[in-house]
Structure formats: structure tokens, C-alpha cells
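Take a look at the structure below.
Letters go in sequence order (proteins before strands), and every chain restarts at 1.
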Number of protein chains: 2
Amino acid sequence: MEISIGELSKRTGVLATTVRYYEDVGLMPAPPRTAGGRRSYGQAHVARLAFIRHARQLGFEVDAIRELLALNARPELPCAEVDVIARRHLAEVDGRIERLTALRAELSRMVGECGHGRVGECRVIEVLSDHGECLGDRH
Amino acid sequence: MEISIGELSKRTGVLATTVRYYEDVGLMPAPPRTAGGRRSYGQAHVARLAFIRHARQLGFEVDAIRELLALNARPELPCAEVDVIARRHLAEVDGRIERLTALRAELSRMVGECGHGRVGECRVIEVLSDHGECLGDRH
DNA sequence: TTAATTCCTCCAGCGGCTGGAGGAGCAAGC
DNA sequence: GCTTGCTCCTCCAGCCGCTGGAGGAATTAA
């Protein structure tokens, strides 16, 4: 099975430019080339790229993915480290949700108080002008 | 009241480098300079920068803030446009929370299924390798 | 053979800053 | 008046994770 970068792109849903970028940053290995100098991929590349794509979709950073790929290549190791990376990311996502939820409450209150009059009396503008108007000071 | 960029930074909590950046991108006006060529700010600058900072903390994009600032300068206009910008942003935040929450569920399931054995049998790695393992296909 | 398509490399740009280099201004102490 | 140390100046590069364009070479289809 010898696949062009375009075909690899089609099978994984990752843009060809992005595949080359992954090669640059060391997520994908430099594949063999055809006589004409074009990248030629095999089944292992498809699997690896699918792994990367999925991890990215789940929000893992490139550095974390590099670690996960390294661990994936050593199936005999205990998976404690995998667990650490995933839990760290989960905590990070939790934090993001929390911050966004607090922010959403503030925004929603602001919008709800807008009396649809003139800008000069608009609560949205007032709240933005004065941080003291906010419920939470976390942001 | 004549204030240096450092003092402005202290009063608003915005880094001096960031203030200069805001000037570059047109959020802050170019202030008058001292004889020695240093930026000199007044009360209006402090208020404007506080407004910008607060809007950024609430997640508004720089483009949206530019619009909000322009509207703020025209208090006689109806505030419908302010409302549109704020509601648009609220919807955007809602979308982000929704996506993150779905992602969190997937991550949490993954982590929960990890049997703390070897990498070769780790569910986290398996799920990452095979998108079919996921509950939602939204990501 | 020619035309269309795909691929190549290199480089720049997105957003929203942040930091460093290398230099000049300025306030306070001696 | 001079030095020391701080702040400020401009310019430029880098962060993350891509994305797209220019200009050219290779491949494929008609």
C-alpha cells in the first residue's frame, strides 16, 4: 500500500498542509519519497495520523500527543503516565468550563439588563466600563 | 493629571507592552508625548483602557471591542447594536461550553476505563486509536 | 501532446499578546 | 555635576496550531 499525501488526507480528514506541518514538528515521521520526490505513506502512517487527529479533537496539545505517541510505541510499560497526561488534560478542560460558565453568567446578566434604550443608558456598556458592577471578581 | 505608561499599567493591570500593542491595533489612541518622547496619558485613557481590559476578560474579541468603543462614543444612538454584539458573544461562549462539556464527558469516560495495567491494554490509548470507540461523533 | 491536477518548498499570516535587544530619558543620591 | 538605576523608547521575533499563497515540478487523464 503506497499512498500519496492527498490520499492520506482524504482517509484521515487532515489537510495535506497540516500533515506536512506535523512532519515539521515531529509528530509524523518523514516518510519515504517516490522517484519524483513525493511523500509516500503506508498503513502505519494512516493509523498514526488518525491517532493524532483524534487526540487533537479531544483537545490534547501537541506536546502531550508527542508523549502519548511515545508511550503508544512502548506497550510493555505501565500506563500510569498515560493516565497522568489524560487526567491533567481533563483537569485543564474542567478549569476552562468553569471559567467559561462564570463568564457566561456575567454576560447573560449584562444582556438581560439591557433596556434597549440609548447607548448612553445601556447596562452592557455600563458594566463594561465599571468592573465593580460584576458579581464575580474572578475574571 | 499626566501619567506615564508604567503608571497607567499599574492602575489598570494591563502590561505596558500590551498598552503599546493596543495602540498599534487601534484600540487605544496615540497619546501626546513628553519633550523626551514618552507617552503621557490622562484620565480618559485610564477609563478607556479599563473598559478594554474588562471586555477582554469577558472574552470579547478585539474587533468586537473596537465596535463597542465606537458605540460608547455615541451615547445618543439606540443600543440595539450593543445588544447584538453582546448576544453574539454570549452565543459563542455557549457553543464553547457545549463543545467542551461533550469533550469532557469523552475524556472522563476514557480516564475512568483505564485499568492501570500496561500501555498495551490501556483504554485511553485504545480510544485515541479508534474514533469508533467514542460516544459522540461531533468532535 | 497538452491540459488539469497534484504535489513540492518556502514563507507569511491569523489572534492576542509577550519578551528581548539595544539604546535614550530621567530622578535621586553623593 | 555625575553616576547609578530605573523607566521608557523602537523594532523585531516568538508563542500555538495551523492555513494559505507563490512559483515551480511531477504526475495523470483526455
Between A:Thr18 and D:dT19, is there a contact of a side-chain N or O with OP1 or OP2 at under 4.0 Å? yes
If a pair satisfies side-chain hydrogen bond (donor to acceptor under 3.5 Å, both in side chains) and one of its residues is in residues 11-20 of chain B, list it, with sequence neighbours excluded. B:Glu7-B:Arg11
Mind checking what makes salt bridge (Lys or Arg N to Asp or Glu O under 4.0 Å) contact with B:Asp94, not counting sequence neighbours? A:Arg104
Tell me the interatomic distance from B:Asp24, atom CG, to C:dC14, atom P, rounded to whole angstroms. 13 Å
Give me the atom names and distance for the closest heavy-atom approach of A:Val14 to A:Ser9. O-OG, 2.7 Å
Per B:Arg56 side chain, nearest of listed nucleotides C:dC7, C:dC8, C:dC17: C:dC17
B:Arg33 CZ - C:dC26 P separation (whole Å): 12 Å
Does a side-chain heavy-atom distance below 4.5 Å link B:His89 with A:Leu107? yes
Grab the OH-C1' distance between B:Tyr41 and D:dT7 for me, whole Å please. 14 Å
Using a 4.0 Å heavy-atom cut-off to protein, can you give one letter per nucleotide of nucleotides 21-30 of chain D, 5' to 3': B if the base is in contact, S if only the sugar-phosphate is, - if neither? ----BBS---
So, does A:Arg20 get its side chain near the phosphate of C:dT6, meaning an N or O under 4.0 Å from OP1 or OP2? no
Using only side-chain N and O atoms of A:Arg39, determine if any of them is under 4.0 Å from OP1 or OP2 of C:dC8. yes
Looking at B:Glu92 and B:Arg88, does any basic side-chain N land under 4.0 Å from a carboxylate oxygen? no
Output yes when B:Glu121 and B:Arg118 qualify as a salt bridge under the 4.0 Å nitrogen-oxygen rule, no when they do not. no
Might you list the N or O atoms of the protein lying below 3.5 Å from N or O atoms in nucleotides 14-16 of chain D, with each pair's distance?
none

Side-chain N,O (B:Tyr22) to OP1/OP2 (C:dC17) below 4.0 Å: yes
Pairs flagged by side-chain hydrogen bond (donor to acceptor under 3.5 Å, both in side chains) wherever residues 27-49 of chain A is involved - sequence neighbours left out: A:Glu2-A:Ser40, A:Glu23-A:Arg39
Once you round to the nearest 0.5 Å, how far does CD1 of A:Ile85 lie from CG of A:Leu68? 4.5 Å
Just how far, in rounded Å, is C1' of C:dG25 from CD1 of B:Ile5? 15 Å
Starting from P on D:dT7, measure out to CG on B:Leu8 and report it in whole angstrom. 15 Å
Expressed as a whole number of angstroms, how long is the span from A:Arg53:CZ to D:dG17:P? 17 Å
Return the value, rounded to whole Å, for the distance between atom CG of A:Leu27 and atom P of D:dC18. 8 Å
To the nearest Å, give me how far apart CD1 (A:Ile52) and C1' (D:dG17) are. 13 Å
Sequence neighbours left out, what passes salt bridge (Lys or Arg N to Asp or Glu O under 4.0 Å) with A:Arg66? Give chain and number order. A:Asp63
